Amino acid sequence: MYLILANRLREALTRHVAETYNLSVEISLEKPPKIEMGELASPFCFDLAKRLKRAPRHIAQEIATSLAAIPGIARIEVAGAGYLNAFFDRTVFWDSVGSESFAAPPAPSGGKIIVEHTNINPNKAAHIGHLRNAILGDTFVRLLRHSGRRVETQNYIDNTGVQVADVVVGFLHIEKRTAPNIRALSQEPRFDYYCWDLYAKVTQFYEEDKTRLALRGETMQRIEEGIGEAAEVAETVADAVVGCHLRTMARLDIRYDLLPRESEILRLKFWDAAFVKLKETGAIHLASAGKNAGCWVMPWTQGEGATPAATVAAEAPAPEDADAQAKVIVRSNGTVTYVGKDIAYQLWKFGLLGRDFHYAAYPSPSGEIIWMTTSSAGDPHPPAFGGAELVYNVIDARQAYLQQVVSAGLRALGHNSEADRSIHFSYEIVALSPRCAREMGYELSPEDAKKPYVEVSGRKGLGVKADDLLDRLEAATLAEVHQRHPLMPPAEQRATAHAIAVSAIRFFLLKFTRTATIAFDFEDALSFEGETGPYCQYAVVRIRGIRRKGAEAATGGAGQVSKEFLSGIFSGAEGQGLWELLLLTGSLDSAVDAAIGAQEPAFVAKYAFQLAQSFNNFYHKHHILSEEDPQKRSFLLQITERVEAQLVRALSLLGMEAPEKM
RNA sequence: GCGCCCGUAGCUCAGUUGGAUAGAGCGUCUGCCUUCUAAGCAGAUGGUCGGGGGUUCGAUUCCCUCCGGGCGCGCCA
């Protein structure tokens, strides 16, 4: 509701200024520092003052008196040196929040948005860093869908890459297992944990003798060609680990529409199609000299961002130098790099490749149907995948350069508009606090010990596994629930503990903005007090407690609240605090809008916390069920209902569920 | 060397396109459970917004510069 009023005010002011002064201005709106100053304020008269060469306060005065009435806004006042402050009509707002809180979300419409996230190499268990990616992506998808956008979630599976190859080397050359044996092993529930350890062993295996790296090359080649034991084992391992990842993510209520696999990018000749286009347009060329001789390269200069090939060519000092700086797309042995495949994939996402995958539906480990790409015939009538008008790639900040290369690839092919609509949803990594790294049994080098945090490393086997963290959280929450509610049925205890654990971890990873590097520490992550998910859930649980008790005591019925009562209480002594709570309750739309605009789910996490905090404050000031005045009791009850509806909605956008009791 | 990110209270972080007296959580200290759940509330403590210039009516926010930290620049992904 807040957003609606803000937009209404902005439009009215823009129109008024255009008509009165024949000027077009950008109306910036902000929240005044104090609620006594109104709910919305604009300093745009300061800008206007310059252009009109008049005092800002006089202009503000003039506008305030001549502006036509705006529905939902009671009055507009001049404040300070020339601010315009708007005051909402509180009884109108009350009604609007009531209908808004219980309205159904809009049906999806408009062009498709693809959000790609998770993308964990299927060769080891998911760790805390992967969780940040998946939770950010999943939450962003929820926000987009909530605001009526049509969204397709994709989790790209690099099942033919070097990381899978390394684990295959481990199985075949260190452990000397056979394909059937590995297949049997892959059925174990935590096969991903086994691979985690094996992957670290492979790293050592190479370090002991560098010539062993030849095994990696051979294995990769076999996997890419899709023939022999290595390819068979790679498929077994990748499929099984993907299953583990899907189970892990399902624990956090994270799901996908499609799993596009790299094997299909290769076998369905996606790359060949992209290669032809890139060659035809001159976007890439064969380097004839220098260190990249024999490779197909894309010209590149670091600095000006994604620089189109043409501009680079004009400024390049010498062809050899330029080629040495260029990004290799096809290696001299003819194999394509990851970026090359990514360009093809990105073209497909926009429907620009002229090819499509085959698709097959599988029951996912958590039960529902999930679509996966396949090289064989596939389903005759799959849903229409791809063909998006906007693409968000959720990838950590270290890969910014590669994302720019992909974008430059699209530009070089003349798809400027699609390049603009290829958005790198970037975020900083989750590292471990030095204390946490030690706790994980990792010996810190003197340099590492001095650092503020230690980077997670799959290769070294250093990291906090997602399932371990969840297990620990669930154990802690279950113990607490058990103690508080000994009579609760065990199944409900477990469900409650699970909901609290999920909210703890999701909120913990969402409360930081994307540019903050998170130094992970068990103490912070296992905290359930203060700015945490459980704190937000607790506010809802309190409201539900009131409703239960109210129903038992037959005092819960929320009767009519008259307009006179509303305007009376909001203008009375205790009205300010009540109004602030209502205002915040009606501001979810504004928080979601800002979160989508800034690609910052943290805004919604912050909102949920503030609303919970504001409610807790209200809860202590007003004892609802013992309120003698029936009209006031109804009013207080209806506030809590509105808060509950909006807070539950905010939490569900964050992927969190509020239990009945906790 | 080039590029990106960060520097705000003891610690961890917010601060929405430049706006009114810079906020929250944790920590420390003091109160509050016979009451709708204390996973809570109230209060106290705590700041040269890394330093210095500049633009502006106005800068934590924009520009320059310096200092300190992280990351990226592979025929790895």
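Treat the numbers as computed from the prediction; the structure is a model and nothing was measured. Below, chains carry the letters A, B, ... as their sequence lines are ordered, and counting in each starts from 1. Hydrogens, waters and symmetry mates play no part in the numbers below; they use all other heavy atoms, side chains included.
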**Asked** G72(B) phosphate, OP1 or OP2: any side-chain N/O from Gln404(A) under 4.0 angstrom?
**Response** no
**Message:** C5(B), OP1 or OP2 - any side-chain N/O from Tyr427(A) closer than 4.0 Å?
**Reply:** no
**Request:** Have a look at Ile500(A) and say if it touches a base, only the backbone sugar-phosphate, or nothing, with a 4.0 Å heavy-atom cut-off.
**Result:** base
**Request:** Would you please name every residue forming a side-chain hydrogen bond (donor to acceptor under 3.5 Å, both in side chains) with Asp342(A), sequence neighbours left out?
**Result:** none
**Request:** Identify, with sequence neighbours excluded, every residue that meets side-chain contact (heavy atoms from CB on, under 4.5 Å) alongside Ala200(A).
**Result:** none
**Fill in**
Sorted by chain and number, sequence neighbours left out, side-chain contact (heavy atoms from CB on, under 4.5 Å) with Ser503(A) holds for Pro534(A), Gln537(A), Met656(A)
**Message:** Taking side chain to side chain donor-acceptor pair (under 3.5 Å) as the cut-off, I'd like each qualifying pair that reaches into residues 41-55 of chain A, sequence neighbours left out, listed once.
**Reply:** Arg54(A)-Glu62(A)
**Complete:** Contacts of Arg514(A) meeting side-chain hydrogen bond (donor to acceptor under 3.5 Å, both in side chains) (sequence neighbours excluded), chain-then-number -> none
**Prompt:** How would RNA chain B look in dot-bracket form, 5' to 3', counting Watson-Crick and G-U wobble pairs with both distances under 3.5 Å and writing | for bases paired to another strand?
**Reply:** (((((.(..((((.....[...))))((((((.......))))))....(((((..]....)))))).)))))....
Below 3.5 Å is the cut-off: list the nitrogen or oxygen pairs between protein and nucleotides 14-18 of chain B, distance only.
residue	atom	partner	partner atom	Å
A14(B)	OP1	Thr513(A)	N	3.0
A14(B)	OP1	Thr513(A)	OG1	2.1

**Message:** Base, sugar-phosphate or nothing for Lys34(A)? Non-hydrogen atoms, less than 4.0 Å.
**Reply:** base
**Asked** Of all residues at least two apart in sequence or in a different chain, which pass the side-chain contact (heavy atoms from CB on, under 4.5 Å) check with Val162(A)?
**Response** Asp166(A), Arg216(A), Met220(A)
**Prompt:** Heavy atoms under 4.0 Å, any strand shown: does Phe46(A) hit a base, just sugar-phosphate, or nothing?
**Reply:** base
**Prompt:** Nearest to the side chain of Glu529(A), which nucleotide is it out of C5(B), A39(B), A24(B)?
**Reply:** A39(B)
**Request:** Among A20(B), C5(B), G69(B), find the nucleotide with the atom closest to the side chain of Pro33(A).
**Result:** A20(B)
**Message:** Whether the side chain of Asn616(A) and the base of A39(B) hold a donor-acceptor pair under 3.5 Å is what I'd like checked.
**Reply:** no
**Request:** Could you note down all residue pairs passing side chain to side chain donor-acceptor pair (under 3.5 Å) where residues 588-600 of chain A supplies at least one of them, sequence neighbours left out?
**Result:** none
**Asked** So what does His424(A) hit on the nucleic acid, given a heavy-atom distance under 4.0 Å: a base, only sugar-phosphate, or nothing?
**Response** nothing
**Fill in**
For residues 602-611 of chain A, the side chain to side chain donor-acceptor pair (under 3.5 Å) pairs (sequence neighbours left out) are Glu531(A)-Lys606(A)
All N/O pairs under 3.5 Å across the protein-nucleotides 75-77 of chain B interface:
residue	atom	partner	partner atom	Å
C75(B)	O3'	Arg331(A)	NE	2.9
C75(B)	O2	Ser332(A)	N	3.2
C75(B)	O2	Ser332(A)	OG	3.1
C75(B)	N3	Ser332(A)	OG	2.7
C75(B)	N4	Lys291(A)	O	3.3
C75(B)	N4	Ala293(A)	O	3.4
C76(B)	OP2	Arg331(A)	NE	2.4
C76(B)	OP2	Arg331(A)	NH2	3.4
C76(B)	O3'	Arg331(A)	NH2	3.4
A77(B)	OP1	Arg331(A)	NH2	2.5
A77(B)	OP2	Arg331(A)	NH2	3.3
A77(B)	OP2	Tyr338(A)	N	3.4
A77(B)	O3'	Asp158(A)	OD2	2.6

**Prompt:** With a 4.0 Å cut-off on heavy atoms, is Asn119(A) in touch with a base, just the backbone sugar-phosphate, or nothing at all?
**Reply:** nothing
**Prompt:** Residues in side-chain contact (heavy atoms from CB on, under 4.5 Å) with Ser147(A), at least two apart?
**Reply:** Arg149(A), Ile596(A)
